2 protein chains.
Amino acid sequence: MVVSELSEQDVNRIFRALADPTRRDIVRRTLVAAISVSQLADCYQMSFAAVQKHVAVLEDARLVTKESRGRERMVRGNLDRIRQAQRLLDRFEDMWRARTDRLDNLLAKSDPAPSAL
Amino acid sequence: MVVSELSEQDVNRIFRALADPTRRDIVRRTLVAAISVSQLADCYQMSFAAVQKHVAVLEDARLVTKESRGRERMVRGNLDRIRQAQRLLDRFEDMWRARTDRLDNLLAKSDPAPSAL
DNA sequence: TTATCGTACAACCAAATGGTTGTATCAGAG
DNA sequence: CTCTGATACAACCATTTGGTTGTACGATAA
């Protein structure tokens, strides 16, 4: 189990990184198989440097990792990070459920003291 | 079932909206119970207009909805949108699984024609 | 060694972001 | 009607973002 608590900054970076189509595509591709930065750059119409920056953003968010192989840097998608993001969204679900639980309580108990309603 | 396909723009907006701590907090609060914009503004140290902008970003991403009630606008979190975001992340999982499936295939069949490897 | 490929990084630029203040509008209380 | 509270929205500003080009450097192929 990954206990590593995510800081607000971490969460910012994860969602920010996912908020760009090119970066999402890079994550998808690198989850399927590790690819070098230049191979990635060939996939898109922008410059090599631009792709490099996108990879850097993803790396900063730990959504991908880089690994030297000869003169290339292989980029590999990090599924764990995706799963952490999913758990973040789960927590929103929890908030919502807390609300309905509270309503259920109210109805079940039929408590005659509805606070500030 | 919600068939509504999300455009790339939609996805951009959803993740972008979630990439800010204040906005995530607004989503959490409004999932628990509908709150007016001014009540929300009281929760944070920034100006009313700033909070209003955050709500607008969330509304644009359809992560919250606004509903007039008297002279107030009640903000309500939209759980469906959170779930759509989760399904987006599921698809990354799918990509990864496709990769392992392919590897499994390779091993199981021990096919002597590994394409371009 | 030399040329080349893959990468890193700096400098620059336009557009978007996240905040501010100020002004206008609209609904409800007196 | 008038005052006030809640909202909307424009204008402005600093910083970040997403792209560019250019330069430098390490690893490999010839």
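So that the names make sense, note that chain A is the first sequence line, chain B the second, and so on, each numbered from 1. No experiment lies behind these values; they were computed from the predicted model shown.
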Which whole-number value in Å describes the distance from [X] [atom1] to [N] [atom2]?
| X | N | atom1 | atom2 | result |
| --- | --- | --- | --- | --- |
| Asp60(A) | dC9(C) | CG | C1' | 16 Å |
| Arg69(B) | dG28(C) | CZ | C1' | 14 Å |
| Asn12(A) | dT16(D) | CG | C1' | 13 Å |
| Leu40(B) | dT7(D) | CG | C1' | 13 Å |

From C-beta outward on Ser38(B), which listed nucleotide comes closest to its side chain: dT7(D), dT4(D), dT7(C)?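 The listed nucleotide nearest to Ser38(B)'s side chain is dT7(D).
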Polar-atom pairs under 3.5 Å, protein N or O versus N or O of nucleotides 12-21 of chain C: list them with distances, or write none.
{"from": "dT17(C)", "atom 1": "O3'", "to": "Arg16(B)", "atom 2": "NH2", "distance (Å)": "3.0"}
{"from": "dG18(C)", "atom 1": "OP1", "to": "Arg16(B)", "atom 2": "NH2", "distance (Å)": "3.3"}
{"from": "dG18(C)", "atom 1": "OP1", "to": "Arg23(B)", "atom 2": "NH2", "distance (Å)": "3.4"}
{"from": "dG18(C)", "atom 1": "OP2", "to": "Arg23(B)", "atom 2": "NH1", "distance (Å)": "3.1"}
{"from": "dG19(C)", "atom 1": "OP2", "to": "His54(B)", "atom 2": "NE2", "distance (Å)": "2.1"}
{"from": "dG19(C)", "atom 1": "N7", "to": "Lys53(B)", "atom 2": "NZ", "distance (Å)": "3.0"}
{"from": "dG19(C)", "atom 1": "O6", "to": "Lys53(B)", "atom 2": "NZ", "distance (Å)": "2.1"}
{"from": "dT20(C)", "atom 1": "OP1", "to": "Ser47(B)", "atom 2": "N", "distance (Å)": "3.3"}
{"from": "dT20(C)", "atom 1": "OP2", "to": "Ser47(B)", "atom 2": "N", "distance (Å)": "2.8"}
{"from": "dT20(C)", "atom 1": "OP2", "to": "Ser47(B)", "atom 2": "OG", "distance (Å)": "2.5"}

Just N and O in the side chain of Arg73(A): are any of them under 4.0 Å from OP1 or OP2 of dA8(C)?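 Looking at the OP1 and OP2 atoms of dA8(C), one of them is under 4.0 Å from a side-chain N or O of Arg73(A).
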Gln52(A) side-chain N/O to dT7(C) phosphate OP1/OP2 under 4.0 Å: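 For dT7(C), neither OP1 nor OP2 has a side-chain N or O of Gln52(A) closer than 4.0 Å.
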Side-chain-base donor-acceptor pair under 3.5 Å for Arg71(B) and dC26(C):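 Check fails, no donor-acceptor contact within cut-off.
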Applying the side-chain contact (heavy atoms from CB on, under 4.5 Å) test to Val75(B), which of Ile35(B), Val27(B), Val37(B) qualifies?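 Exactly one option meets the side-chain contact (heavy atoms from CB on, under 4.5 Å) with Val75(B), and it is Val37(B).
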For the pair Arg97(A) and Asp94(A), find out whether any cationic side-chain nitrogen is under 4.0 Å from an anionic carboxylate oxygen.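 Result for this pair is yes, salt bridge flagged.
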Note: Arg73(B)-Glu67(B) ion pair, threshold 4.0 Å (strictly below):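 No.
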Within a radius of less than 6.0 Å around CZ of Arg62(A), do more than 12 heavy atoms belonging to other residues, nucleotides or ligands occur?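 Open.
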Once you round to the nearest 0.5 Å, how far does CZ of Phe15(B) lie from CG of Leu88(B)?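 Spacing of CZ (Phe15(B)) from CG (Leu88(B)) equals 5.0 Å.
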What closest approach, in Å, do Arg23(A) and Leu58(A) show between heavy atoms, and which atom pair accounts for it?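 Nearest heavy atoms, Arg23(A) then Leu58(A): O-CD1, 3.7 Å.
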